[in-house]
*Asks:* 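Sending over a structure as C-alpha cells; questions will come in a sec.
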There are 2 protein chains.
Amino acid sequence: MLKPLNPLLHSELRLAVMSILLGVESADFVYIRTETGATAGNLSVQLDKLQRAGYITIEKGFNGKMPRTTCSMTDLGREAMREYVEALKEYIGGAR
Amino acid sequence: MLKPLNPLLHSELRLAVMSILLGVESADFVYIRTETGATAGNLSVQLDKLQRAGYITIEKGFNGKMPRTTCSMTDLGREAMREYVEALKEYIGGAR
DNA sequence: AAGATTTGGTTTATTTTATAAACTTGTTTA
DNA sequence: TAAACAAGTTTATAAAATAAACCAAATCTT
C-alpha cells in the first residue's frame, strides 16, 4: 500500500514555501510572497500552519521602521520534506 | 515562478488512482479500492472527477451477475500526469 | 423459502482546507 | 495633513475531501 502523503506538505502553497526555504538560510514574507505569487492573506495563514507544525520558524523584526517577517526552515521541516518526497516518489515513480 | 500544480492531480487519492492506472491496462473498482484503502464513497466521487476531466474511462459491466466497474487511463490522462510530475519536480527538486 | 448479510457501488451531508476580501497599524509621499 | 502605500492579520466564502447513509441485487443461513 502507498505511504500516506503528509497533508501539511501536500499543499501547493505550503510546498512552494518549503521549497524556497530549503534553498536559503532565511527568506522574508515579501520575498516569499512575490516568489509564490500568493496573496498576503493566504500566505499568512499557510506560514502560520507551517510554524505551528514546527517546520519553520518565524521571526518578526523591523527593517528600519517597516515591519519585517523572516522565515527559515527547521531541522524537523527538512526531515518532513525528505519523507514527503520519498513517499511522493511511490506515486509518481511510474510516470517517467 | 513555479509552475502551477494541476489541482485535479494534486490530490492524494486521485494521484494514487492515476499511479495505479499508469501501470496497468485497466483496473476495477474493487481492486483500486483495496490498493488505495479508500472508502467506496470517496473513490466513487474521485473516479467521477477523473472521468469528467477525460483522464480515465469508466466502463460498467458484469462479472457473472455482479456489477463491475473497470477503469483505464486515457492518453490525455497520461499527458496530464507527465506535466504534473514535471511541475512537481520544481517544487521538490531541492529536497535530495 | 424468508430473513440476514455481503457485494458493489451511488448520493448526500459534514468536515476540512484553501482562498480571497476586508480590515488594521503604521509609514511615506504629495 | 490627507491620501496612498506597505506589511501583514483576521474573518468570511468557496471549494474540496471525506464519511455517513443509502440502494439494489446477490448470496448465505437456518
*Asks:* Under a 3.5 Å cutoff, is there a donor and acceptor pairing between the side chains of A:Ser26 and A:Thr70?
*Replies:* no
*Asks:* Provide, to the nearest angstrom, the distance between the CG atom belonging to A:Leu43 and the P atom belonging to C:dT19.
*Replies:* 12 Å
*Asks:* Kindly point out which of C:dT19, D:dA17, C:dT27 is positioned nearest to the side chain of B:Lys49?
*Replies:* D:dA17
*Asks:* Rounded to the Å, how far apart are A:Asn63 CG and D:dG8 C1'?
*Replies:* 15 Å
*Asks:* Any idea which of C:dT10, D:dA7, C:dT19 is nearest the A:Val45 side chain?
*Replies:* C:dT19
*Asks:* Which listed nucleotide (C:dT28, D:dA17, D:dT9) is nearest to the side chain of A:Ala40?
*Replies:* D:dT9
*Asks:* Identify which nucleotide among D:dG8, D:dA17, C:dT10 has an atom closest to any side-chain atom of A:Thr69, counting heavy atoms from C-beta outward.
*Replies:* D:dG8
*Asks:* Measure the distance from CG on B:Asn42 to P on D:dA20 and round it to the nearest whole Å.
*Replies:* 12 Å
*Asks:* Could you tell me whether the phosphate oxygens of C:dT17, OP1 or OP2, come under 4.0 Å of any side-chain nitrogen or oxygen in A:Arg14?
*Replies:* no
*Asks:* Using a 4.0 Å heavy-atom cut-off across all strands, classify A:Glu12 as base, sugar-phosphate, or nothing.
*Replies:* nothing
*Asks:* Between B:Asn6 and B:Tyr55, do the side chains contain an N or O donor and an N or O acceptor separated by less than 3.5 Å?
*Replies:* yes
*Asks:* B:Arg68 has an atom CZ; how far is it from atom P of C:dT10, in whole Å?
*Replies:* 15 Å
*Asks:* Assign each of A:Gln46 and A:Lys65 to its nearest nucleotide of DNA chain C by heavy atoms, then name whichever residue's nucleotide is nearer the 5' end.
*Replies:* A:Gln46
*Asks:* Rounded to the nearest angstrom, tell me the gap between atom CZ in A:Arg52 and atom C1' in D:dT9.
*Replies:* 12 Å
*Asks:* Could you state the atom-to-atom distance from CG of B:Asp48 to P of C:dT12 in whole Å?
*Replies:* 13 Å
*Asks:* Under 4.0 Å between a Lys/Arg side-chain N and an Asp/Glu carboxylate O for B:Glu79 and B:Arg82?
*Replies:* yes
*Asks:* Taking OP1 and OP2 of C:dA21, is either one under 4.0 Å from a side-chain nitrogen or oxygen of A:Thr39?
*Replies:* no
*Asks:* Ignoring hydrogens and angles, tell me if any N or O in the side chain of B:Glu59 forms a donor-acceptor pair with the backbone of B:Cys71 under 3.5 Å.
*Replies:* no
*Asks:* Name the nucleic acid region contacted by A:Arg33, choosing base, sugar-phosphate or nothing; use a 4.0 angstrom heavy-atom cut-off, strictly under.
*Replies:* nothing
*Asks:* Once rounded to the nearest 0.5 Å, what's the spacing between atom CG of B:Leu2 and atom CD1 of A:Ile20?
*Replies:* 6.5 Å
*Asks:* From C-beta outward on B:Met66, which listed nucleotide comes closest to its side chain: D:dG8, D:dA7, C:dG8?
*Replies:* C:dG8
*Asks:* Expressed as a whole number of angstroms, how long is the span from B:Leu47:CG to D:dA17:P?
*Replies:* 13 Å
*Asks:* Please tell me if A:Ser11 has a side-chain N or O lying less than 4.0 Å from either OP1 or OP2 of C:dA18.
*Replies:* yes
*Asks:* Nearest whole Å is fine: how far is D:dA7 C1' from A:Ile58 CD1?
*Replies:* 14 Å
*Asks:* Both B:Ser44 and A:Pro67 contact DNA chain C. Taking the nearest nucleotide for each, which residue is further toward the 5' end?
*Replies:* B:Ser44
